[in-house]
Structures are given as structure tokens and as C-alpha cells.
There are 2 protein chains.
Amino acid sequence: MPPPPEAVSGPAGTAPAALPTTERGRRMRARLLAAAREVFERDGFLEARVTDISAAAGVAHGSFYTYFGSKTAVFRALVAETMDDLYASMGTRHEPGPPDGSPEEVAVHRIDRANRRFVAMYRQNTALMALFEQVTTFDPEVRALRQAARERNVGRVRHSIEQLQRDGLVAADLDAEYSAHALVAMVNGLVHYWLVLDGEFEQERLVAALTRLWAQALGLPVRT
Amino acid sequence: MPPPPEAVSGPAGTAPAALPTTERGRRMRARLLAAAREVFERDGFLEARVTDISAAAGVAHGSFYTYFGSKTAVFRALVAETMDDLYASMGTRHEPGPPDGSPEEVAVHRIDRANRRFVAMYRQNTALMALFEQVTTFDPEVRALRQAARERNVGRVRHSIEQLQRDGLVAADLDAEYSAHALVAMVNGLVHYWLVLDGEFEQERLVAALTRLWAQALGLPVRT
DNA sequence: GTTGACATTGACGTCGGTGTCAACTTAGCT
DNA sequence: AGCTAAGTTGACACCGACGTCAATGTCAAC
């Protein structure tokens, strides 16, 4: 009996592939994950072979299946891991003190910093982000992971907008929730589009455009 | 010799698959193309099988290969065909006369119409557009097709902006070329993001947001 | 140093989709 | 009716990726 025909819904999966209990096992899993990232970035999701991954990790083909049930499974693990890293690195960080200026200018400056960080991150992980986009289109689980990440992001932005409203810098009647959604969608969409279609945008100019759009949308003064 | 190892770069291609010369042949090709669209929309690119396509068209498996060299080949044909249809339908069309109002208001109204048409079209072909996005990420030829389509689009927008500048409605020192790129990227990106991530945007609201962003970017008065 | 649970190995069977091809059908022409 | 080129058919060989598993290795604990 080759693959036990148990009705598990996993599209290409096999055994559950439990997490390792040993130190050695954990190292092995990590190596496989790193190798998977490498192979995926080089070959894309479709072209990547499980064989290539185990080969890149320098281990036997079979070992792969000790830790991951299928190619899709490693990919999901990779997405989860990367998303965590990503948000850790994007969390509130103490930037070199904001420039002197009116509260509005400081706010715009902060927005600019955030956009710059986002674009830079996207650029550094272009291959992987493109892969995420790709797999999102056909794997519901990956889509869910990204959706969750996006929700967290929207929440943070909404929070910032509400803060600005409390400070009297943004009109109180602005729908913070909806605006946050729109702004996040805009940034993600723009950067994704730029990325996938190899647009002509130069990084600095893209950041400037984003910041301007945000400022305009929120009614903050734009520095020309 | 199974697949003749000729060094044609086609990733999964076979014979050239010439165009039909007979009326019958043309009908057959059209049927296959329609069936392909159907199957792709239902199953996605990866899950779609050449067998399913020929079955859906009600013809023998072998007939498929008379007209298309591979799954990728039909898909490309489908993209080309759809893009043509799409631009034909988006071309300048005589809308019900614009509302009375200042020239600025008329301009904004026209922008709103264009955005509305674009969103509606996207919505009607959601499945197919998502597929285009997906395949774009790994098929250079499809990417090229879309890039060309995007260039045409940017050209049209740039033309409109320049017209507005000539009419004195938009600042003359605005970089029309760059703005056109940015605006097109914004619309495509936003709509794509909304589509793929199943955002909460309601169609009317999305159109309104897009129009507002355009107007703000161009310095036109926004109707609140 | 023996034990046994955990980890690793890689040759192998299976599976399903792909593309081929030789035989057959259709339809336009003389 | 007979001929021929174009179109159609579907059984089949092939391929290559996948996931399995019996054998073997590792190492901490006793």
C-alpha cells in the first residue's frame, strides 16, 4: 500500500511529520529549512524538487520526510518563520531622533521612515516575497498566514492614525479603520506591482511617492 | 525518442503547433481555447490537466496537441486573446454625457469612469486575472505580455495627463510620464491586492478611493 | 558495553500526467 | 466515385517526481 488512502485533506501531504525532540533533530530540521529557502529562491516554487532541497542540505532524500510531509509543508513552515522574523524586524524601533519641526512634519517623517523600512525589506527579500505572492494564489493556508500578517499590520496603522487624531493632526471624522485598510493595501499593492512587473521605480522615488500619498490621504502637509 | 531533445527553450513545449488552415480547424481551436479558459478558471493553472481541457472541449486528447504544444502554450494564447478583448472593451467609449460643472469636475468625473470600468472588469474576471498574476510570477513570456499591456496603459494615462496640462488643469511641471507610471501601478497594485487577499473593500468605495487618490496626486479638486 | 529510542540513509515501487503515432474520418476537388 | 490533404482519435510508452521502508547509524542513559 503506497500512500495509505486515509482521507486527510492535505493536498500533497503524507505523514504528520512531528517536530524533532533531539538537539540533533532540531539542527537537521533547521538545515533543511535553510536549504529549502535557498532552493525556493533559486528555482521558484514549481521548479523546486524535494530532492534538490535534501541535496542542498547535504542529507539523504528520506530525511526530508522525517520533518516535512511535502514540499508544500516546508514552504508553509518557511512562510511562518519568515513572517515572524519580518514583524520582529519591523517592530517599533528607536530611530535616530526625528528632525525638529512642527508636529505635522514629525508625523510625516515617521510615516516616511516606516515606508522606507518596508520598501527596503521588500527589496532585500524580493525573491521570497514574490514566491509568497505566487503561492498565495493557490494555497489557502499560505493565504491565511499572509492575511493574518496583513491584519496585524492594519491594526498597527489604525492605531497610529487614531493617535494622530487624538493629537489633533488628522481630522477626527476620518474612518481610521477603513483608511488603515486602504493605506496598507496601497503600499502592499504598489510595492508588489512594482516588484512583479519590474517597474522602473527607483527606490527613493517610490518611498517619496508613498509618503506623499499617505500624507495626502490623511490631510497632512506634504514637503515638496 | 519521446520528446525530441531539440534545444527549443520552451519549458514544457513540444512541436510548433501551427495554426489551422481549415474552417473546421479554426472551430476546433476555438473550442479548445474556450474549454481551457473554463478549466483554468475552475482548477487554477497548476491543477489543470491537458486531459481535462480536451475532455471539456469534447474532443480526443490527441487533438489538443494539434493546436497547442503544451499547457503553457494554451495559457499564453489565452492571455493574449483576453488582453486584446480587454483593451478593446476599455478603449475610449462614449459615455453618457459628462455632468455639467467646472472643467476640473468634468476631468475628475472622467477619471472616476475609467476607474469604475477597470474595477468592474477586474471583478468580472477575477479568477482569470488572479491566474494571470500567478503565472506572471514564473512564465517570462506571460510576464512580457502583461508588461506590454501595462506600457500601453501607461501611455494612455500619460496622454490624458498631458492633455490636462495643456488645458491648464494640472500643474505644468508635473512629470507626466512618472505620474502615469505611479498611478497605473497604484490602481493595478491596489486592485490586485484587494483581489488576492480577499480584502473587505466594497466596490463603490474602492472606486471612490481610487478616484480620490488620483485627484489628489494630480492636484484636482476632490468632491467630498 | 549494552540497550533502545531517535535519526539517517538511499534504492525502489508507484502513480499520473505528458506527448506520440499509426490508423481512421471528414470534406473539398476533379 | 475516387483522391488527397487536413483533421481526429485514443491506446500506449515514457518520464520523473514522490513517498516508502527495511537496514543501518548515533548517542545518552544505565
Side-chain angles (χ1 to χ4, degrees), chain A residues 1-33 35-36 39-40 43-75, chain B residues 1-8 10-33 35-36 39-40 43-75 138:
Chain A
M1 51 172 113
E6 45 179 302
V8 172
S9 61
T14 16
L19 268 79
T21 62
T22 321
E23 179 53 34
R24 182 161 65 128
R26 251 166 277 136
R27 272 206 311 274
M28 170 100 278
R29 205 189 112 104
R31 274 172 70 192
L32 279 166
L33 209 51
V39 172
F40 281 136
D43 300 342
F45 182 79
L46 292 176
E47 296 301 316
R49 311 281 161 232
V50 172
T51 308
D52 300 341
I53 296 177
S54 23
V59 295
H61 175 66
S63 297
F64 177 90
Y65 290 96
T66 305
Y67 300 103
F68 305 101
S70 66
K71 182 165 77 166
T72 308
V74 228
F75 192 82
Chain B
M1 52 172 114
E6 45 179 303
V8 173
T14 16
L19 268 79
T21 64
T22 319
E23 179 54 35
R24 182 161 65 126
R26 251 166 277 136
R27 272 207 311 275
M28 170 99 280
R29 205 189 111 104
R31 273 172 72 193
L32 280 166
L33 210 49
V39 172
F40 280 136
D43 300 341
F45 183 78
L46 293 176
E47 297 302 315
R49 311 279 162 235
V50 172
T51 309
D52 300 340
I53 295 176
S54 23
V59 295
H61 175 64
S63 297
F64 177 90
Y65 289 96
T66 305
Y67 300 104
F68 304 102
S70 67
K71 183 165 75 164
T72 308
V74 227
F75 192 82
F138 58 79

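Naming: A, B, ... by sequence-line order, numbering from 1 per chain.
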Starting from [atom2] on [N], measure out to [atom1] on [X] and report it in whole angstrom.
X: A:Tyr65; N: C:dA11; atom1: OH; atom2: C1'; value: 15 Å
X: A:Leu46; N: D:dA17; atom1: CG; atom2: P; value: 13 Å
X: A:Ile53; N: D:dC18; atom1: CD1; atom2: C1'; value: 13 Å

Begin from the C-alpha positions of B:Val74 and B:Phe64 and carry the test side-chain contact (heavy atoms from CB on, under 4.5 Å) through to its verdict.
-> CA-CA 9 Å; B:Val74 227; B:Phe64 177 90; 3.3 Å; yes

For the residue pair A:His61 and A:Tyr65, does the interplanar ring angle fall in the parallel (under 30°), tilted (30 to 60°) or perpendicular (over 60°) class?
->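 If you compare the ring of A:His61 with that of A:Tyr65, the planes turn out perpendicular.
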
Distance in Å, B:Met28 CE paired with B:Leu32 CG, rounded so as to fall on 0.5 Å steps = 4.5 Å

Would you mind building the protein contact string for nucleotides 8-13 of chain D? One character per nucleotide, 5' to 3', B for base within reach (heavy atoms under 4.0 Å), S for sugar-phosphate only, - for untouched.
-> BBBB--

Axis bend over the full length of the helix from C:dG1-D:dC30 to C:dT30-D:dA1, computed from five pairs that close each end, to 10 degrees =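 End-to-end axis angle: 0°.
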
Set of residues satisfying salt bridge (Lys or Arg N to Asp or Glu O under 4.0 Å) with respect to A:Arg24, sequence neighbours excluded | none

Partners of B:Arg26 by salt bridge (Lys or Arg N to Asp or Glu O under 4.0 Å), sequence neighbours excluded?
-> B:Glu23

Which residue lies more 5' along DNA chain D, comparing B:Thr22 with A:Thr51 via nearest heavy atoms |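 Nearest-nucleotide comparison on DNA chain D picks B:Thr22.
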
Donor-acceptor contacts under 3.5 Å from residues 49-60 of chain B side chains, at least two apart:
| unit_1 | atom_1 | unit_2 | atom_2 | d |
| --- | --- | --- | --- | --- |
| B:Arg49 | NE | B:Glu47 | O | 3.4 |
| B:Arg49 | NH1 | B:Leu46 | O | 3.2 |
| B:Ser54 | OG | B:Val50 | O | 3.0 |
| B:Ser54 | OG | B:Thr51 | O | 3.1 |

What pairs with A:Phe40 under ring pair (Phe, Tyr, Trp, His ring centres under 6.0 Å), at least two apart in sequence or on another chain?
-> A:Phe45, A:Phe75

